[in-house]
Amino acid sequence: MSLLEVKDLHANVGEEDGQEILKGLNLQIQAGEVHAIMGPNGSGKSTLANVLSGRPGYTVTRGSLSLESEDLSHLEPHERAQAGLFLAFQYPVEIPGVSNMEFLKASTDSLAKAHNAEQPDAASFIRQVRTLAETLDLDPQFLKRGVNEGFSGGEKKRNEILQLLLLDPKMAILDETDSGLDIDALKVVAEGVNRYRSANNGVLLITHYQRLLDYIVPDVVHVLADGQIIQSGDKNLALELEAKGYTWLT
Amino acid sequence: MADLETHEPLDLPGWLNDTALAKDPVESYQRALARPARRELWKYTPAHKITELRQLPAIQPSLSGHEQAGVTVTANPSNLDLADLISIQRAPEAFAQLCKQPLLHIAVTADLAQPLSLHHQGNSWPVIIDVAPSISMTLIEDCEQEDDQQQTLWLRLGANSAVTHARNSFGTTALHWQFVSVQVHTDGQYRLHNHALASTLRRQDTQIQLVGQGAHAELTSAVMVAERLNLDQQITIEHINAHTTSRQRVHNIVADRGKCTFNGRIHIHEGAKSSDAQLSNKNLGLGANATINTKPELEIYNDDVSCAHGATIGQLDDNQLFYLCSRGVAPTVARRLLCEGFLQQCVDGPLADTAGSALVAPLQDMEMT
Ligand SMILES: Nc1ncnc2c1ncn2[C@@H]1O[C@H](COP(=O)(O)OP(=O)(O)O)[C@@H](O)[C@H]1O
Ligand SMILES: [Mg+2]
């Protein structure tokens with residue numbers, strides 16, 4: 001059983017009659033694997049991430065997507081998260097007035113409730129989150145501020161990784177988490193992802209640049225172009241892409 | 001408009017004889033009632049609903065913090081110079097209240113370590129607070145929740161003084177009028193933190209005059225309107241002198257069949273060179289049956305000003321909702337969190353803790369679909 005399985009996925013933006021962006025995409029990720037998806041701007045990388053996580057505004061017209069054999073296509077976004085899917089956003093959303101801590105507690109409690117697990121008590125939860133923030137070089141003061149409110153680009157991305165480590169999903173999709181990061185921040189983010197990796201979970205790294213893959217070494221690299229995976233290989237494929245550009249393949 | 005014609009005779013108080021107000025008060029009052037601009041102020045709330053509250057027996061508001069050094073409370077003072085503080089033109093209804101009731105005057109002449117609190121229990125005596133120059137203090141107002149009531153309050157901030165004024169109004173079963181008129185002198189700073197639920201009818205009038213150079217006013221207001229309740233908020237800030245600044249942040253949630261009116265008027269006088277006024281009003285409508293009237297008004301009589309003035313009416317943000325849901329939070333919980341966050345942005349000051357929970361209480365039993 002694959003951890004994540006995407007079969008012949010066709011998806012449009014908007015309704016049934018919208019523009020087709022994903023045009024028959026196939027992907028299988030086993031537990032313990034890291035896959036990278038690379039591709040030029042506009043090739044459909046974020047669309048794939050959004051469709052997997054159930055973002056409104058897209059319509060799946062054909063094909064299937066499943067997590068540990070559970071069909072995701074009929075689940076609401078929060079149910080997909082409860083099933084173990086996590087998306088690190090390319091553009092994390094600001095929510096003024098809702099503190100980061102409150103947000104993290106609501107997420108943790110929701111997942112615990114869905115799994116009939118005990119919700120952590122407030123004191124130990126705060127300690128856990130503070131410790132995580134420190135390991136990611138995030139000032140604990142950020143936890144009191146509104147969710148991502150006034151955070152720099154790098155801080156927003158590190159906040160996504162904080163959530164990844166806190167919520168510990170089965171399958172993590174990281175949409176260009178490396179973009180806009182300087183090399184130090186990139187290392188912090190990569191370290192966080194490597195800490196998350198285990199034999200029981202999987203990572204789908206969406207990236208535009210090979211650079212990230214020096215720090216998070218993928219098992220498989222895919223090239224996405226025009227809504228399809230046109231080539232797959234090992235980490236050397238990423239180096240080749242870096243050297244030759246995408247036009248070499250398309 | 002029938003209510004404009006109900007001119008009851010004024011029973012002029014003794015102190016009026018000593019002030020410039022004594023010149024034709026009755027005639028000024030009649031003229032003020034007939035002013036066309038007054039119709040705008042009472043467009044969504046008939047004035048008679050408010051003026052009728054005058055018939056209720058007058059009750060002295062209960063005070064605390066008034067035993068501190070530097071606070072002098074006088075009931076029915078003679079010899080008050082109120083001519084530049086009280087304007088019949090701007091608020092004839094409040095003036096009529098002054099004429100009808102005993103008056104409480106509070107002079108503050110030392111920095112106050114503890115807040116001065118006014119607790120209203122009904123048709124409160126009008127209150128005038130005179131804050132001496134360079135004094136800083138906190139004023140707290142709250143009210144009994146159940147009964148029809150009204151409060152009129154005049155605040156005079158001396159030069160360089162700083163007043164933080166926090167007000168909670170959470171009764172939902174009454175007719176309630178709250179009138180505040182504030183005058184800020186040179187480099188004085190006034191901050192109002194208003195937190196309110198709607199009521200059968202809650203009408204809040206706030207008039208702030210920045211009369212001295214460098215005077216500053218800041219206002220945050222968080223309002224929750226649910227069920228079939230009503231809230232009508234009228235705020236006027238007048239920039240009268242140079243280098244005056246004002247900041248207003250007003251967030252309202254209107255749900256169910258609630259009705260919310262917000263009128264934020266900024267008036268920049270000719271002499272208010274290099275002034276800076278900002279007003280942001282955001283309204284969140286939940287459901288299809290809520291009514292929101294918002295009208296930011298700008299009157300500017302000189303070129304050398306900076307003004308930012310915006311009002312929006314909207315729904316919850318889809319991206320924010322998706323972000324929360326993508327972390328496993330159910331949509332109903334996520335919506336409630338977003339509503340709370342929306343109000344929380346305008347909850348501030350010494351009453352913030354109690355206000356936060358009271359404001360969001362109506363959301364707890366609401367269908368958040
Ligand atoms: N919500 C949307 N509305 C309209 N077009 C969209 C939307 N989302 C994506 N697209 C289009 O789909 C294509 C793929 O976009 P995207 O998935 O964001 O690409 P990538 O992440 O690979 O840069 C682009 O042509 C983009 O304009
Ligand atoms: Mg993208």
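Proteins come first, then strands; the chains are lettered A, B, ... in the order of their sequence lines, and each starts at number 1. Atoms considered below: every heavy atom in the structure, side chains included; atoms not considered: hydrogens, waters and symmetry mates.
- Remark: A:R130 CZ is loosely packed, at most 12 non-hydrogen atoms of other residues, nucleotides or ligands lying under 6.0 Å away.
- Of all non-hydrogen atoms in B:F322 and A:G54, the two that sit nearest each other are CE1-C, 4.0 Å.
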Any donor-acceptor pairs between chain B and chain A, under 3.5 Å? If so, list them.
from, atom 1, to, atom 2, distance (Å)
A:R55, NH2, B:N319, OD1, 2.6
A:Q82, NE2, B:G328, O, 3.0
A:L87, O, B:R327, NH1, 2.7
A:L87, O, B:R327, NH2, 3.0
A:E94, O, B:Q320, NE2, 3.0
A:P96, O, B:Q345, NE2, 3.2
A:N148, ND2, B:Y323, OH, 3.2
A:E160, OE1, B:R327, NH2, 2.8
A:E160, OE2, B:Y323, OH, 2.3
A:Q163, OE1, B:R327, NE, 2.5
A:Q163, OE1, B:R327, NH2, 3.3
A:Q163, NE2, B:Y323, OH, 3.2

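- With a 4.5 Å cut-off on non-hydrogen atoms, A:A106 touches chain B through its backbone and its side chain both.
- Partners of A:S69 under the side-chain contact (heavy atoms from CB on, under 4.5 Å) rule, at least two apart in sequence or in another chain, are A:M1.
- What you find for A:A81 and B:C325 is that their closest heavy atoms are CB-O, 4.0 Å.
- Residue A:I95 touches chain B through both its backbone and its side chain, counting heavy-atom pairs closer than 4.5 Å.
- Contact annotation for B:V329: both backbone and side-chain heavy atoms come within less than 4.5 Å of a heavy atom of chain A.
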